[in-house]
Protein chains: 2
Amino acid sequence: MASVDLSVLRRVAPEWLEVVQRRARILQRIRMTQPIGRRLLAADLGMTERVLRAEVDLLRRQGLVQAHATGMWLSDEGQALLEELDQALALMEGREQLGRALSASLGIPEVVVVAGDSDADGWAKDSLGYYAAVRLRNLLRDDDVLAVTGGTTLAAVAQMMPGQGGPRPVRVVPARGGLGENMTLQANTIASAIAAKLGGQSIMLHVPDRLSEDTLERLMAEPEIRERLDEVRQATVVVHGIGDAMKMARRRQLSETEVALLCERGAVSEAFGYYFDREGRPVYAMTTVGLRLDDIAGARVVMAVAGGASKSLAIRSAARAYRIDVLVTDEGAAKGLVAAATAGTAPAAAGQAADTGHRNHQGRENRI
Amino acid sequence: MASVDLSVLRRVAPEWLEVVQRRARILQRIRMTQPIGRRLLAADLGMTERVLRAEVDLLRRQGLVQAHATGMWLSDEGQALLEELDQALALMEGREQLGRALSASLGIPEVVVVAGDSDADGWAKDSLGYYAAVRLRNLLRDDDVLAVTGGTTLAAVAQMMPGQGGPRPVRVVPARGGLGENMTLQANTIASAIAAKLGGQSIMLHVPDRLSEDTLERLMAEPEIRERLDEVRQATVVVHGIGDAMKMARRRQLSETEVALLCERGAVSEAFGYYFDREGRPVYAMTTVGLRLDDIAGARVVMAVAGGASKSLAIRSAARAYRIDVLVTDEGAAKGLVAAATAGTAPAAAGQAADTGHRNHQGRENRI
DNA sequence: ACCACAGGGACATAATATGTCCCAGGAGGG
DNA sequence: CCCTCCTGGGACATATTATGTCCCTGTGGT
């Protein structure tokens, strides 16, 4: 079938793009949560049951969705078509181009921009997690040691990781010890969940978040801890979230003194327990066990996952701080980043882009 | 803007193609008859006024159509877009491919297939005429002598010929003398109309259709006739319709003896007063003045215009009978031709295609 | 000056989309 | 084994939109 310049067709029937987008989101949601029923799906997507039914009926007539007593599934054909549709929409919505621009301005070889804004759209974080999970799954090799951090974003990656598609017998390790109170956001929990989905094994780091220097030394002396820590620090693939410095400080319940220090030093981002200022200089590090900044230099692939307009600054800071090979982000963050690059900070951003420009030409690849 | 595989998008939103087609037809009709009002346009297109208004309102918001007290016009942008849209739809509706197939099987370098079926859709004949007229206008040179036949199809070409777009100072001559009673279908009338639209001059052949041998000789001796006839027979561009043999025989009010003869000899097509059987062999010729079959060998371009499912056989017959450089036809006729080629007559048609295959590779060009 | 046709407004009515239930059935957990 | 929860499909009153059919005023061409 022929490919035709879409701008012409869009001009004649502009309302059609929205229809395609809506149906694509339905298909994506089914793919992520199948099997799923009409009512739950409607709630997920923020539609009423009846409206969703009309759409699903059509998609079923097209043979893209199959209904069963247990819920709806994507047909094989629907699966294949949705993958092409993902690419088509990325192009039509300009996310493809957005990714290319970010790749250049941040010096990150591969930047994937998924639809939505994790801050605003409830479904966007799932989407972010899904595409990060799929990308991760594809790049893993059997002998990899995968280190993952905690946080809501990584939790989404774990949750959305497809359980099917051939086991990946990797070892999954938590990049950090315990953090905060929420069980589902722990690196340990996430490592375990991802290992289960991938068909690999995971280990745990039974270490509290904050330690005195003294206790730290003692723990490190424990063989059980020592062994695990060695494995963590030899991770070949690192997948991590990027946090807003101040939000993370609060979540970690840092003391007022520490918060003030971070403020003073202009910390904007947090990753692996390190805090960075807007130029990517490390300004503070937690005294805690786990993956260290210089460990990731030895990793085969470093993947960052972060979305939402509020993360723009933090992402840029992290991109300047250490090597990121793959960034999975969303439209909200991406637009903020591009706006910042072309606005006031233009000179600095331009310089950054120029410095890393030669690197971007090899192996750059934008998907989704 | 990117071009994307349309089959994917069509699968997800199949109703959209119809919308695009409907709006394209509206734009085409406006282009053909501008300036035109809402009511007349609705009647032309077989829509109610209100429905058309909704569509036109949208097209106007898109800046493709401009409203004026005298009626609606295509904007410059609409004009440009419609030309692209024509091509896109030809591709999407498979007419492009249809044209290519016919080009091969009929051995005609350029085959244009326009939408519709002139037998069934009232607007299709106008469309056929319009695209034939535009193609004709584009291929004419200033020193050309253009010979045209009569008939409803050529009348449509004359009527739809755009009056704007730079004068073509050609000489337009009728290929034949008078025929039948209907003034508007006379070659003379059509030649005059086309000349007016092109900004050229025309001459007339004041000769009745049917003559005795005796009278014919006397007429030919008249200098006035002689001169005109010489010019006609030196035409550099010939545009003609192709008729169904039996229908033409009836319209010409041939005697029963003649009709029986045509039947017996298997006449299926008529052109320039010649009748051909299904293999393209001439089986009968009117004793009349005008362009002769061997004259068209000297023409620079021979263009045939014929549409409607009922014309399939006649077109194939004519294509075998003499050289045609450009065929403008419609979906109705084209589908009939392809069906005939792939069905019972397959061996013959296949042989035909093979014989002329080498010729089709040079200069073949399919438009609209 | 007239006339035919222009676009825009108005509105009752038809058609469709939508929200909200109910129901019988099946899968999975206890 | 039963119980429960969720499934898809049906039904229907209601909201929303599309449609057919007028009327009105203006304007360009004859």
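Below, chain A is the first sequence line, B the second, and so on; all start at residue 1.
With the nearest nucleotide of DNA chain C identified for both A:A54 and B:Q66, B:Q66 has the one nearer the 5' end.
A donor-acceptor pair is defined here as one N or O able to donate and one able to accept, closer than 3.5 Å; no such pair exists between the side chain of B:D121 and the backbone of B:W123. A donor-acceptor contact shorter than 3.5 Å is absent between the side chain of B:D330 and the backbone of B:V114.
B:Q34 places its CD atom 17 Å from the C1' atom of D:dG28, with the value rounded to the nearest Å. Computed from coordinates, the A:W73 CH2 to D:dG8 C1' distance equals 16 Å when rounded to whole Å. The distance between atom CZ of B:R22 and atom C1' of D:dT19, rounded to the nearest whole Å, is 12 Å. One interatomic measurement links the two molecules: CG of B:D44 to P of C:dC5, which rounds to 12 Å at whole-angstrom precision. B:H68 has its NE2 atom 21 Å from the P atom of C:dA4, to the nearest Å. The nearest whole Å value for the distance from the CD1 atom in A:I30 to the C1' atom in D:dT7 is 14 Å.
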- Does the pair B:E15 and A:R23 meet the rule for a salt bridge (charged side-chain N to carboxylate O under 4.0 Å, His left out), with working shown? CA-CA 13 Å; B:E15 70 278 24; A:R23 291 182 189 160; 3.0 Å; yes
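At a threshold of 4.0 angstrom between heavy atoms, the contacts of A:L41 with the nucleic acid are absent.
Using a 3.5 Å distance cut-off with no hydrogens or angles, the side chains of B:Q62 and B:E77 do not pair a donor with an acceptor.
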For residues 33-46 of chain A, please give each side-chain donor-acceptor pair under 3.5 Å, one per line with the distance, not counting sequence neighbours.
unit_1	atom_1	unit_2	atom_2	d
A:T33	OG1	A:R29	O	2.7
A:Q34	OE1	A:L74	N	2.8
A:R38	NH1	A:E49	OE2	2.4
A:R39	NH1	A:E49	OE2	3.2
A:D44	OD2	A:R29	NE	3.4

Show me the donor-acceptor pairs within less than 3.5 Å that the side chains of residues 193-200 of chain A make with the rest of the protein, sequence neighbours left out.
unit_1	atom_1	unit_2	atom_2	d
A:K197	NZ	A:A158	O	3.2
A:K197	NZ	A:Q159	O	2.9
A:K197	NZ	A:M161	O	3.4

- Message: Please encode protein proximity along nucleotides 9-18 of chain D as a string of B, S and -, counting only heavy-atom distances under 4.0 Å.
- Response: BBB-------
